[in-house]
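Every value quoted in this text rests on a predicted model; they were computed, and no experiment measured them. One-based numbering, in listed order, for ligands and for the atoms of each.
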Amino acid sequence: MSLQKINLQKPLVHCITNYVVANFTANGLLAIGASPVMADAVKEAAEMASKSNALLLNIGTLNEQTIKSMLLAGNSANVKNIPIVFDPVGAGATNFRLETTMEILQQLKINLIRCNVGELAAIAGVTWQAKGVDSGVGELDVAETAMHVANKYNCLVIVTGKQDVITDGIRIEWIVGGHEKVTKMTGSGCLLSALCAAELASCENAFEDLANLLRDYKQASSNAYSTIGTFHMNFLNQLEYLAEGHQ
Ligand SMILES: Nc1ncnc2c1ncn2[C@@H]1O[C@H](COP(=O)(O)OP(=O)(O)O)[C@@H](O)[C@H]1O
Ligand SMILES: Cc1ncsc1CCOP(=O)(O)O
């Protein structure tokens, strides 16, 4: 029960994220007992990161200002060994996103990349038919590519989809289950990245605890199954329920 650990620790998670999911991300973090703070101004990003327990960098609605803020916050987090989760939303969709993704990976020490298969393909330089922020279409060996990326950037990698995979470049674990209804709720991947940041701030064993978090998240979507409006509400209820230690 990974969500339960976060609920006990109540970490402060600094999120530089996209405007589509900012509110949902804040509510999801609150549901599991974490404290969200969204701060993307150049003048405060570094200071806020240094006072937080984890940092989330999400490029979903990127612009020139937020790139500066992400690099400032990331450098500040690196100096204090504060864990960073990077969500390269739509990395293969435009050159701007791909260039920024590479800049972030080259300039910062990232603890975890959480992405979908299309974003993994973009990072690895594999030919892929991107479709905006969705995973798109193409052929790649997810496990092999995720391990390669984990080794190259010396970080954990989580690739989500019908099945999730987590690797540290040596170990690899697959997580199955959940419900595809979750793909109709915008921000499900972005919120998961934020919860991963909360997990990294709260855990003793990152690999195992993140794998358990992926299981919890899939369980929440199975338990929440309903028509879409009710699904949104049920999903947050389930996160709270699991974080409180119910099964
Ligand atoms: N077809 C599917 N069936 C069940 N769960 C899914 C499916 N696709 C994605 N998920 C789940 O949705 C959540 C978000 O993953 P994903 O949709 O891949 O992220 P993103 O929004 O970044 O593309 C994860 O918990 C993942 O396991
Ligand atoms: C629709 C959209 N456009 C830019 S960011 C975003 C949200 C993506 O969220 P997720 O990939 O987690 O569903």
Under 4.0 Å from one or more heavy atoms of Thr183, ligand 1 contributes atoms 7 (C), 8 (N), 9 (C)
Those atoms of ligand 1 less than 4.0 Å from some heavy atom in Glu180: 1 (N), 2 (C), 3 (N), 4 (C)
Are any of the N or O atoms of Cys190 closer than 3.5 Å to those of ligand 1? no
Would the distance check show the side chain of Ser76 and the main-chain N or O of Leu72 forming a donor-acceptor pair, the cut-off being under 3.5 Å? no
Just wondering, more than 12 heavy atoms not from Asp141 lying within 6.0 Å of its CG? yes
Before signing off on this row, confirm whether Lys218 and ligand 1 have an N or O atom pair separated by under 3.5 Å. yes
So for Thr160 against ligand 1, with non-hydrogen atoms under 4.0 Å, the contacting part is both
Could you check whether any side-chain N or O of Lys5 sits under 3.5 Å from a backbone N or O of Glu204, counting only pairs where one atom can act as donor and the other as acceptor? no
Any N/O of Arg114 closer than 3.5 Å to an N/O of ligand 1? yes
Under a 3.5 Å distance rule, please check whether Asp216 uses its side chain to pair with a backbone N or O of Leu3 as donor and acceptor. yes
Under a 3.5 Å distance rule, please check whether His14 uses its side chain to pair with a backbone N or O of Met38 as donor and acceptor. no
Is the closest heavy atom of Ser135 to ligand 1 under 4.0 Å? no
For atom 17 (O) of ligand 1, the closest protein heavy atom turns out to be Ser188 OG, 4.3 Å
Where do Glu173 and Val165 land on the side chain to side chain contact (heavy atoms under 4.5 Å, CB included) test, with the steps shown first? CA-CA 6 Å; Glu173 191 167 336; Val165 65; over 6 Å; no
Should we count NZ of Lys152 as having more than 12 external heavy atoms under 6.0 Å? no
Atoms of ligand 1 under 4.0 Å from any heavy atom of Gly189, numbered from 1 in the order shown, are 14 (C), 19 (O), 20 (P), 21 (O), 22 (O)
For ligand 1, indicate whether the residue Gln163 contacts it via side chain, backbone, both or neither (heavy-atom separation under 4.0 Å). neither
Donor on one side chain, acceptor on other, Asp87 and Ser193, under 3.5 Å: yes
Residues with a heavy atom under 4.0 Å from ligand 2, by chain and number, are Asn18, Val20, Val21, Gly60, Val133, Thr186, Gly187, Ser188, Gly189, Cys190
Could you check whether Asn27 and Asn23, counting side-chain N and O atoms only, form a donor-acceptor pair closer than 3.5 Å? yes
Kindly determine whether Phe235 and Tyr225 satisfy ring pair (Phe, Tyr, Trp, His ring centres under 6.0 Å), including the steps that lead there. CA-CA 8 Å; Phe235 189 76; Tyr225 177 70; over 10 Å; no
Donor-acceptor contact below 3.5 Å, side chain Asn111 vs main chain Pro83: no
Number the atoms of ligand 1 from 1 as they appear, then name those within less than 4.0 Å of a heavy atom of Tyr217, with their elements. 25 (O)
May I ask you to identify the nearest protein heavy atom to atom 6 (C) of ligand 1, giving residue, atom name and distance to one decimal place in Å? Gly161 O, 3.4 Å
Minimum-distance protein heavy atom relative to atom 2 (C) of ligand 1: Lys162 CA, 3.5 Å
Lys68 with Glu64: basic N within carboxylate O range, under 4.0 Å: no
Using a plain distance cutoff, I'd like to know if Asn116 has any nitrogen or oxygen under 3.5 Å from a nitrogen or oxygen of ligand 1. yes
Atoms in ligand 1 flagged as close to Asp164, the criterion being non-hydrogen separation under 4.0 Å: 26 (C), 27 (O)
Is Glu119 salt-bridged to Arg114, cutoff N-O under 4.0 Å? no
Using a 4.0 Å heavy-atom threshold (strictly under), name the region of Met185 that reaches ligand 1: side chain, backbone, both or neither. neither
May I ask you to decide if Ala243's main-chain N or O and Asn7's side chain share a donor-acceptor pair within less than 3.5 Å? yes
Atoms in ligand 1 with a heavy atom of Val182 nearer than 4.0 Å: 5 (N), 6 (C), 10 (N), 11 (C), 12 (O)
